[in-house]
Amino acid sequence: MNVIEKARELGAMLQESEEMKAYKDAEAAQKADEASQAAMSEFNLNRLNLARDMQNGKISREDAVAKNNEAYEELLKKAPLIAEYVEKKKVFDDLVNQVNQIINFYITGSTGGCSGSCNTCGGCS
């Protein structure tokens, strides 16, 4: 079996993983839920208004980011199916990052160390 075939096998395994199934189920549930979609529309409109206000000098970038973060937290409270989707997506993304970190180790011989950003990490060991 060659490298490309193994990559396809790994891709199929990721696609069939419990993490991917949970992520896809949560995605479908929040998309089918009218309350979740209404909350998301409200959040997106709020983001557009914040961006417009920032461009027009009515609000600083820092204040816009803070207000956006507050609105995001409110969205997750109002729409538990969106919160579940976000969590399931994070779990799946973490799995993919761990796989990439392992592959990178075998290519470079290094785990790359900790960058200090959990967004680029497969998890602390």
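Note that the structure is predicted; figures quoted are calculated from it, not measured.
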CG (L76) and CD (E87) are apart, to the nearest 0.5 Å, by 10.5 Å

Salt bridge check: are K31 and E27 linked by an N-O gap of less than 4.0 Å?
yes

Start with the C-alpha gap between Y85 and S36, add the side-chain angles, then the distance that decides, and say whether side-chain contact (heavy atoms from CB on, under 4.5 Å) holds.
CA-CA 11 Å; Y85 163 73; S36 294; over 6 Å; no

Is K90 salt-bridged to D94, going by a charged N under 4.0 Å from an acidic O?
yes

To the nearest 0.5 Å, atom OG of S41 lies from atom CD of E34 at 11.5 Å

Minimum heavy-atom distance A71-N46, with the two atoms named
CB-ND2, 3.3 Å

Test item: V65 and R61 side chains (from C-beta on) under 4.5 Å apart, heavy atoms:
yes

Would you say M20 and I102 are hydrophobically clustered, going by side-chain heavy atoms of ILVMFWY under 4.5 Å?
no

Under 3.5 Å, is there a donor-acceptor pair linking the side chains of N49 and R52?
yes

At what distance, to the nearest 0.5 angstrom, does CG of N68 lie from CE of M54?
10.0 Å

Is it true that a side-chain atom of E5 and a backbone atom of N2 form a donor plus acceptor pair closer than 3.5 Å?
yes

Group every Ile, Leu, Val, Met, Phe, Trp and Tyr by side-chain heavy-atom contacts under 4.5 Å, then state whether L95 and L10 land in the same group.
yes

Under a single-linkage definition using a 4.5 Å side-chain heavy-atom cutoff for Ile, Leu, Val, Met, Phe, Trp and Tyr, are I82 and F43 assigned to the same hydrophobic cluster?
yes

Sub-4.5 Å side-chain heavy-atom contact between L81 and E84
yes

When you group the ILVMFWY residues by side-chain heavy-atom contacts below 4.5 Å and let the links chain together, are Y72 and L45 in the same group?
no

Tell me whether L14 is reachable from I103 by hopping between hydrophobic residues (I, L, V, M, F, W, Y) whose side-chain heavy atoms are closer than 4.5 Å.
yes

Please determine whether a side-chain nitrogen of the Lys or Arg among K67 and D63 lies less than 4.0 Å from a carboxylate oxygen of the Asp or Glu.
no

Measure the spacing between CD1 of I4 and CZ of R8 and express it to the nearest 0.5 Å.
6.5 Å

Counting only N and O atoms by type, is there a donor-acceptor contact under 3.5 Å from the side chain of Q30 to the main-chain atoms of Q37?
no

Of all the heavy-atom pairs spanning L75 and M40, show the shortest one and how long it is.
CD1-N, 3.9 Å

May I have the step-by-step check of salt bridge (charged side-chain N to carboxylate O under 4.0 Å, His left out) for K78 and E42, ending in yes or no?
CA-CA 11 Å; K78 274 196 236 179; E42 180 183 326; 2.8 Å; yes

Apply salt bridge (charged side-chain N to carboxylate O under 4.0 Å, His left out) to D93 and K89, showing your working.
CA-CA 6 Å; D93 288 347; K89 182 178 184 324; 2.8 Å; yes

Side chain to side chain, E9 and K6, heavy atoms closer than 4.5 Å
yes

Hey, are E19 and K88 close enough for a salt bridge, meaning a charged N less than 4.0 Å from a carboxylate O?
no

